[in-house]
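Values below: all heavy atoms of this structure, side chains included; hydrogens, waters and symmetry mates excluded.
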Amino acid sequence: MAQKPSIPKGTRDFSPAELSRRNHIVETIKRRFELFGFQPIETPSFENSETLMGKYGEEGDRLIFKILNSGDYLSKVDDAVLGSRNSASLTPKISEKALRYDLTVPFARYVVMHRNDIDFPFKRYQIQPVWRADRPQKGRFREFYQCDADVVGANSPLQEVEFVQLYDAVFTDLGLKGCTIKINNRKILSGIAEMIGAKDLLVDFTVALDKLDKIGEEKVKEELLAKGISKEAIAKAQPLFTMIGTAKEQLDRLKTLLADSQIGILGVAELEEIISNVELLGLGSARLQLDVTLARGLNYYTGAIFEVAAPDGVSMGSIGGGGRYDDLTGIFGLQDVSGVGISFGLDRIYLVMEELGLFPDSLDNSLDILFLNLGKKEGLEALKLVSFLRREGIRADLYPTDAKIQKQFKYADRKGVPLVAVIGEEELAQGRLTLRNMKTGDQRSLPLEDGSLLLERLRSDS
RNA sequence: GUGGUUGUAGCUCAGCUGGUUAGAGCGCUGGAUUGUGGUUCCAGAGGUCGCCGGUUCGAACCCGGUCUUCCACCCCA
């Protein structure tokens with residue numbers, strides 16, 4: 001009995017057409033990463049659970065895919081744990097490995113493990129899938145690709161400036177104009193929390209504030225109240241809700257607001273330096289926007305934080321994010337190594353580009369010329385030219401079987417092949433081939449023996 | 001994880017208050033056209049109605065469960 005095939009929810013197959021578009025994005029990103037001096041690494045799909053657990057907050061732990069131990073994994077679990085039916089205590093007993101949730105934490109682990117072989121500052125990039133046990137939605141999958149670039153061992157805020165430029169360069173290359181790179185600094189958020197006396201409620205505070213543009217001022221205040229932040233404290237934070245104007249104006253207001261907070265002032269100064277330097281150097285097609293409500297959930301960030309929004313009019317969550325983390329390697333036993341990095345959400349960038357029709361047509365054709373197969377002798381003759389053209393870097397192919405000529409033409413048409421070469425009985429007798437331009441319908445005759453004339457035509461057409 | 005939504009041919013979708021052999025368009029295959037695709041015309045193939053169970057004389061349609069899709073939360077790329 002044949003079963004109906006299916007794939008798990010939140011996963012996808014990629015067709016040749018989709019993959020050539022995805023590769024176009026990946027190659028653009030890769031080229032820029034390398035131009036900016038990053039080197040590639042790869043890490044395993046799965047890590048030891050303890051490497052991952054606890055790095056993404058409580059919510060993150062829930063979304064990590066756990067891998068069941070091999071063998072008779074229940075036999076060694078003692079009855080008390082098994083009988084308690086408590087997932088939190090049972091899980092570590094039956095699962096020691098987990099699929100990676102992002103690329104930043106495995107990278108931190110990599111840095112610590114290989115610290116003696118790495119020349120610091122270390123700039124690495126990594127393009128690999130990650131997995132999250134999330135409920136899928138549009139632009140939200142359970143298996144998706146991240147394209148990360150990080151620098152570890154460099155404290156200078158010039159790194160942040162370069163990352164803003166990197167974002168801008170990639171999106172400009174892709175033709176994705178009008179992206180907004182939102183920037184904030186965790187120190188500012190800490191400073192504000194300190195100011196209003198809610199230091200230990202920093203996470204709740206930032207998570208609520210993050211929703212400002214989505215649910216509005218009143219609802220945010222309600223949530224803050226519900227989380228145990230006093231009315232007076234919220235009143236003190238009032239200037240945050242009406243942060244408009246240029247970056248400079250906003251920074252000036254933050255300076256007065258945070259005058260008594262050492263960490264807050266530090267954050268403002270860092271941000272000021274980054275923003276003014278980005279302005280000085282200029283951007284291509286993206287714009288940098290200070291957004292004091294930007295918080296980001298991943299709790300390892302300590303300094304600058306980034307998030308990229310798609311151009312106006314496209315409804316899609318952030319297509320990139322990142323920030324500075326001072327202590328990530330500290331968790332694995334390597335102190336005083338600051339890191340900063342960004343991530344591109346390949347799958348979401350794909351969806352946005354699809355929606356805006358930004359993929360070049362040239363991605364759709366996979367062949368420069370197709371030779372029709374009209375029999376054994378004819379096919380062999382065609383293959384000689386195919387081999388010659390391939391050596392010259394032309395994407396050439398021979399139709400695999402001597403099917404009906406109509407079928408072969410139809411195949412060429414649908415694949416979008418611009419040129420079709422016909423070598424049949426007639427041509428063979430004359431020592432020539434017929435070359436048809438599929439777009440215009442023009443046909444011309446060329447000698448079989450000398451492939452260079454054909455090559456010339458192909459080169460001039462492309 | 002919570003609440004809702006969706007599933008009928010390869011694709012996009014019709015299908016009445018449950019009632020004989022479940023339809024269309026596109027696509028596919030063949031022919032018109034025995035060496036010429038994209039247009040047209042003709043013919044044909046293709047469906048466990050997501051899956052499991054229940055109600056009923058009878059279920060694509062009603063009920064329960066389950067999987068999937070999309071949406072809102074949560075969170076995030």
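- Atom C1' of nucleotide B/C70 and atom CG of A/Leu351 are separated by 13 Å, given to the nearest angstrom.
- In this structure, CG of A/Asp102 is placed 14 Å from C1' of B/C75, rounded to the nearest angstrom.
- On the C1' atoms, B/A43 is 36 Å away from B/G18, given to the nearest whole Å.
- Taking atom P in both B/G7 and B/C62, one finds a spacing of 11 Å when rounded to whole Å.
- For residues 401-412 of chain A, the set of pairs meeting the side-chain hydrogen bond (donor to acceptor under 3.5 Å, both in side chains) definition, not counting sequence neighbours, is empty.
- The gap from the C1' atom of B/A9 to that of B/U48 amounts to 13 Å, rounded to the nearest Å.
- Aromatic ring orientation, A/Phe359 versus A/Tyr350: tilted (interplanar angle from 30° to 60°).
- For the residue pair A/Asp326 and A/Ser338, the shortest heavy atom distance occurs at OD1-OG, 2.9 Å.
- Counting heavy atoms from C-beta outward, A/Arg142 and A/Trp131 have side chains that stay 4.5 Å or more apart.
- B/U21 sits 28 Å from B/U6 when the P atoms are compared, rounded to a whole Å.
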- Task: List the protein contact pattern of nucleotides 36-42 of chain B with one symbol per nucleotide (5' to 3'): B for base contact, S for sugar-phosphate-only contact, - for none; contact means a heavy-atom distance under 4.0 Å.
- Result: BBB----
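- Within 4.0 Å (heavy atoms only), A/Gly60 reaches no atom of the nucleic acid at all.
- Minimum interatomic distance between A/Ser343 and A/Asp148 (heavy atoms only, all atoms of both residues): OG-OD1, 2.7 Å.
- What separates CD1 of A/Ile319 from C1' of B/A77 is a distance of 10 Å, to the nearest Å.
- When each of B/C75, B/A77, B/U69 is scored by its nearest atom to the side-chain atoms of A/Arg140, the top-ranked nucleotide is B/C75.
- The C1' atoms of B/U55 and B/C61 are separated by 14 Å, rounded to the nearest whole Å.
- Contacts of A/Glu307 with the nucleic acid, taken as non-hydrogen atoms under 4.0 Å apart, are absent.
- Contact of the A/Ile319 side chain with the A/Phe344 side chain is not registered, since no non-hydrogen atoms from C-beta on lie closer than 4.5 Å.
- Of the candidate nucleotides B/A72, B/G35, B/A77, B/A72 has the atom lying nearest to any side-chain atom of A/Gln137.
- Distance check on atom P: B/G3 versus B/A60 gives 30 Å, rounded to whole Å.
- Rounding to whole angstrom units, CG of residue A/Asp347 and P of B/C76 are separated by 18 Å.
- If you measure from atom NZ of A/Lys9 to atom C1' of B/U69, you get 10 Å, rounded to the nearest angstrom.
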Check nucleotides 2-6 of chain B against the protein and report each pair of N or O atoms closer than 3.5 Å, with its distance, or say if there are none.
{"residue": "B/U2", "atom": "O4", "partner": "A/Arg135", "partner atom": "NH1", "Å": "2.7"}
{"residue": "B/G3", "atom": "O6", "partner": "A/Arg135", "partner atom": "NH1", "Å": "3.0"}

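- Partners of A/Arg348 by salt bridge (Lys or Arg N to Asp or Glu O under 4.0 Å), not counting sequence neighbours: none found.
- A cation-pi arrangement is absent between A/Arg324 and A/Tyr301 under the rule of less than 6.0 angstrom and at most 45 degrees off the ring axis.
- Projected onto RNA chain B by closest heavy-atom contact, A/Tyr145 and A/Pro8 fall at different nucleotides, the more 5' of which corresponds to A/Pro8.
- Note: NZ (A/Lys182) to P (B/A77) measures 12 Å, nearest angstrom.
- For A/Ala396 against A/Leu367, the heavy-atom pair with the smallest separation is C-CD2, 4.0 Å.
- Annotation: of the two residues near RNA chain B, A/Gly424 and A/Arg62, the 5′-most nearest-nucleotide partner is A/Arg62.
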Using a cutoff of under 3.5 Å, can you pull out all pairs of nitrogen or oxygen atoms linking the protein to nucleotides 43-45 of chain B, with atom names and distances?
none

- Which dot-bracket string describes RNA chain B (Watson-Crick N1-N3 plus N6-O4 or O6-N4, or G-U N1-O2 and O6-N3, all under 3.5 Å; [ ] crossing; | other strand)? ((((..(..((((.....[...)))).(((((.......))))).....(((((..]....))))))..))))....
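- With sequence neighbours left out, A/Ser452 forms a side-chain hydrogen bond (donor to acceptor under 3.5 Å, both in side chains) with A/Asp450.
- In this structure, A/Glu143 has no salt bridge (Lys or Arg N to Asp or Glu O under 4.0 Å) partners at least two apart in sequence or on a different chain.
- Straight-line distance from the CD atom of A/Glu426 to the C1' atom of B/U34: 14 Å, rounded to whole Å.
- Comparing the P positions of B/A45 and B/G10 gives a spacing of 15 Å, expressed to the nearest Å.
- Contact between the side-chain N/O atoms of A/Lys404 and the OP1/OP2 oxygens of B/G31 is found at a separation under 4.0 Å.
- Scanning all heavy atoms of the two residues, the minimum distance from A/Ser318 to A/Glu307 falls at CB-CG, 3.3 Å.
- You can call A/Phe144 stacked on the base of B/A77; the centres are under 5.5 Å apart and the planes sit within 30°.
- Of the residues in residues 10-46 of chain A, A/Gly10 come within less than 4.0 Å of RNA chain B through at least one heavy atom, sorted by number.
- Atom CD of A/Gln408 is separated from atom P of B/G35 by 12 Å (rounded to the nearest Å).
- Comparing the same atom, P, in B/U40 and in B/G27 gives a spacing of 8 Å after rounding to whole Å.
- The aromatic rings of A/Tyr101 and A/Tyr56 are tilted relative to each other, their planes meeting at an angle between 30° and 60°.
- For A/Gln289, there are no side-chain hydrogen bond (donor to acceptor under 3.5 Å, both in side chains) partners, not counting sequence neighbours.
- Of the residues listed (A/Leu189, A/Leu209, A/Asp210, A/Asp291), the one engaging A/Asn184 in a side-chain contact (heavy atoms from CB on, under 4.5 Å) is A/Leu189, and it is the only one.
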Sequence neighbours excluded and cut-off under 3.5 Å, please list the side-chain donor-acceptor pairs for residues 133-141 of chain A, or say none.
{"residue": "A/Asp134", "atom": "OD2", "partner": "A/Arg140", "partner atom": "NE", "Å": "3.3"}

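- Under 4.0 angstrom from either OP1 or OP2 of B/C70 there lies no side-chain N or O belonging to A/Lys138.
- In summary, of the residues considered (A/Val151, A/Val170, A/Leu166), a side-chain contact (heavy atoms from CB on, under 4.5 Å) with A/Phe36 occurs for A/Leu166 alone.
- Under the rule for a salt bridge (Lys or Arg N to Asp or Glu O under 4.0 Å), A/Glu378 has no partner lying at least two apart in sequence or in another chain.
- Nucleic acid contact for A/Gly320: sugar-phosphate only, since backbone atoms but no base atoms lie under 4.0 Å from a heavy atom of the residue.
- Listed pair A/Lys211 / B/C74 meets the phosphate criterion, a side-chain N or O lying under 4.0 Å from OP1 or OP2.
- Here A/Tyr125 and A/Phe33 bring their ring centres to under 6.0 angstrom of each other.
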